Structure formats: C-alpha cells, structure tokens
Amino acid sequence: MTEKRFYFDQGLTLHIACAGDEVRNLRFLQNQFPVKLVSRENWVEIAGEEEAVDRVMAFFEELARFYQIRRHQIEARDFEFLCKIFKNRTEQDLNDLWKERISVSPKKREVMPRSRRQMEYVRAMRRQDMVFGIGPAGTGKTYLAMAMAVSEFLKGNVSRIILTRPARESGENLGFLPGSLEEKIMPYLRPLYDALYDMMTTEEVTSLLERNIIEIAPLAFMRGRTLNNAFIILDEAQNTTVDQMLMFLTRMGFNSRCVITGDPMQTDLTGKERSGLRHAIHTLQSIPEISFTFFETGDVVRNSLLEKIIRAYGTPAEKEQKGTENA
C-alpha cells in the first residue's frame, strides 16, 4: 500500500478547479482507479497500489495544467475526459489533441477534440473541402463542425455560415404549427442554435443572424441555390432521401467548405424511403477529395451513461436479431 499527496499550486484547490463538484468527481475517479482519495483544501491524498497511485498523481498533474492553460473551471466532461485518457494509458495522445483545438469567439472557450477519431475529423475538416461525420449520438459530429465553421468565419476564410437539416419529425406527428414560417421551423433547427451559442456570444449570434451572415434553414430551402465562399453544415443527414442528398451536394460553390453529419441508426424516414446518407457513403467513398470519419460508441463525449445506452441498443442488425430472439 502506497500513500502520496498531490498539492495544487498557487492556492488552487480541487474544489475551485472542478467548479465545486469535488465530491462527485472524486467518487468518479475512485470508480475508475483502485485507489482511495481524501481531499483537504489544496491537496489530495491518494492511497492504493503504487502503480495506480502514480497514475492518479499524473492525472492530477495534468488536471492542474489543464486548468492553468484554459483559465476556466473544469467541467464534469473535462474531468471525465482526462480520467479516460489516463485510465486507457493514452496520455501521450493528449498533446496531439491539444494541438488540434479550435479557436472560436474570444469570449468562449476553445473547443478541443476528445478522442483520436475526433482529432482525425478535425484534421479532415481543415484539409478537405467536403467531409462526412458519421456515427452515434454524442460523438461530437455536429459540435466540432460548428466550431470549425465559426473558426473559419472569424479567420476570414469564409464570408458566411449556412446551417441546414431536414425538417423531419422524430416518430411523432406534431400536426399544424401556428406562427410565422420561422416560428414553424424553429423546433427542427433548435439543436443548431444550441451549438452556435456555445461558440459565440448572444450578441454576436444575433447580429450575424440579422445580417444573414449566419443562415439557418430547412434543407428544402437549399434547392436552386449556389453557395459560394461559405461554410455549409448539413445536420441529421440520415433523414435525407437520395434526391435530397444529391440536391444538397450540388449546392456547393467556389471557395466553400461542406460538412455532412448523421447517424444511420436514428433515421426518421419511412420504410419506403432510401436514406441519402447511406447512399452517399457507398457512392462517394472512392472520391479522394471527400473525407469520411466513422465514429464509434467509444467516441461518445457526453454523459458517460450515453455510451452504455448506445452499446445496449447495438447496431441495427443486432437490434433486428434481438427482436427475432425475443419474438
């Protein structure tokens, strides 16, 4: 049994670094490593086998460095991300991930990829004009694409941002929606607004929307347009038909970048409709100028429970097999 203490520098305490959620984070850390932890003011005592204690010591060293670099309190997702890195012994990847961070509004935190596949996705968006991000919910497909769009706009590499998604209801018929056209389509586009407000201040977003520099619209509104000098994101692409996908892909003009994201497991198309995303995967993979990043459940960066839920549901083939077995 080994016991060591980690001392936070400059009066920094675990309570401050972790946004006051010290108890929850210590409990989470003890569930990941075979150690016992006691926290007092600016130190944490770690007890356990020597190897486990040393890894947790290294984790706290990185936690303190992470706090000092970002100058923000560490959220639960940051804590769990760093913990996962050290549990999987992939801390050598941390510097590579940090190098690929995305600068957004100066008043907002930089966005950092949280897995090797996310890092490959960010690199692809920087290198290729058209990128597909495909995989389960919570893997950062849309969030990272939004961060890259904001970053490219603020650097002056594009003059506007176009955000679109199919206006498909998720298994429910909502019926007639009152209000103006903008009010009718808002529920379908709300997730894009949510991500956008994470990258820019309310004042910045409002100003850019009013001047149509940022445009958020249903996919049907894209027909007949040519989008030059723009960063274009198609979200929820699994809900496009083959014709819709072709229509969207042919909107891309000069000096434009395009990112298409979707999760084939969560389509809202009817049984008679063929997914434009699935068709595009098979049709376009041979084109070297188009990049495809396929995320897996291990890349989920939301609540850690989400990864377990996705694994429990399995792939579409696994779901069909389970249904047959239970019939």
Side-chain angles (χ1 to χ4, degrees), residues 121 130-146 162-177 181 184-195 215-225 227 232-252 258-287 290-297 299-300 302 306 309-324 326-327:
Y121 183 50
M130 183 174 290
V131 176
F132 283 76
I134 300 158
T139 50
K141 306 180 299 294
T142 303
Y143 196 82
L144 289 173
M146 185 71 75
I162 310 293
L163 310 172
T164 186
R165 66 188 317 200
R168 286 271 181 171
E169 296 168 353
S170 181
E172 300 179 72
N173 188 347
L174 301 179
F176 174 76
L177 293 174
L181 178 61
K184 293 175 190 290
I185 63 176
M186 176 61 74
Y188 301 103
L189 305 176
R190 187 76 255 175
L192 296 176
Y193 281 94
D194 291 341
E215 181 181 345
I216 305 179
L219 179 59
F221 287 18
M222 295 295 107
R223 185 173 295 279
R225 302 180 62 184
L227 304 174
I232 314 155
I233 299 175
L234 170 60
D235 190 32
E236 300 290 341
Q238 74 275 4
N239 287 331
T240 62
T241 63
V242 175
D243 289 342
Q244 286 176 322
M245 178 62 78
L246 177 59
M247 179 273 291
F248 171 78
L249 295 177
T250 53
R251 299 309 94 202
M252 188 175 175
C258 184
V259 179
I260 299 99
T261 68
D263 176 8
M265 283 184 61
Q266 297 196 47
T267 180
D268 297 313
L269 296 174
T270 64
K272 297 180 180 179
E273 295 176 304
R274 187 179 181 190
S275 170
L277 178 61
R278 289 183 180 275
H279 181 266
I281 293 171
H282 294 297
T283 305
L284 304 177
Q285 280 204 64
S286 61
I287 301 177
I290 301 177
S291 176
F292 288 82
T293 301
F294 294 91
F295 293 92
E296 299 176 355
T297 52
D299 299 303
V300 170
R302 292 185 195 164
L306 181 58
I309 292 172
I310 293 171
R311 289 189 185 280
Y313 273 85
T315 64
E318 289 169 343
K319 288 193 294 182
E320 183 177 346
Q321 183 178 354
K322 288 178 182 178
T324 303
N326 295 331

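Any value given below was found using the heavy atoms of this structure, including those in side chains, with hydrogens, waters and symmetry copies removed. Keep in mind the model is a prediction, meaning the values are calculated, not measured.
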| message | Around atom CZ of R225, are there more than 12 heavy atoms from other residues, nucleotides or ligands closer than 6.0 Å? | response |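 Atom CZ in R225 is crowded, with more than 12 foreign heavy atoms closer than 6.0 Å.
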Quick check for you: to the nearest 0.5 Å, what is the distance between [X] atom [atom1] and [Y] atom [atom2]?
| X | Y | atom1 | atom2 | answer |
| --- | --- | --- | --- | --- |
| H279 | R274 | NE2 | CZ | 4.5 Å |
| E273 | N239 | CD | CG | 9.0 Å |
| I260 | M245 | CD1 | CE | 6.0 Å |
| L284 | M130 | CG | CE | 7.5 Å |
| D235 | D263 | CG | CG | 11.0 Å |
| F248 | I232 | CZ | CD1 | 5.5 Å |

Between [X] (side chain) and [Y] (backbone), is there a donor-acceptor pair under 3.5 Å?
| X | Y | value |
| --- | --- | --- |
| T267 | Q238 | yes |
| E236 | R165 | no |
| T164 | L219 | yes |

| query | Which residues satisfy the ring-ring contact (aromatic ring centres under 6.0 Å, His included) test with F295, sequence neighbours excluded? | reply |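 F295 satisfies ring-ring contact (aromatic ring centres under 6.0 Å, His included) with Y121 only.
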Give the minimum heavy-atom separation between [X] and [Y], together with the two atoms involved.
| X | Y | answer |
| --- | --- | --- |
| K141 | G135 | NZ-O, 3.1 Å |
| P264 | I134 | CD-CG2, 3.7 Å |
| F132 | L249 | CZ-CD2, 4.3 Å |
| L277 | A237 | CB-O, 3.6 Å |
| S275 | V242 | O-CG2, 4.2 Å |
| A195 | Y143 | CB-CD1, 4.4 Å |

| query | Do M247 and D243 pass the side-chain contact (heavy atoms from CB on, under 4.5 Å) test, and can you show the C-alpha distance, the side-chain angles, and the key distance before you say yes or no? | reply | CA-CA 6 Å; M247 179 273 291; D243 289 342; over 6 Å; no
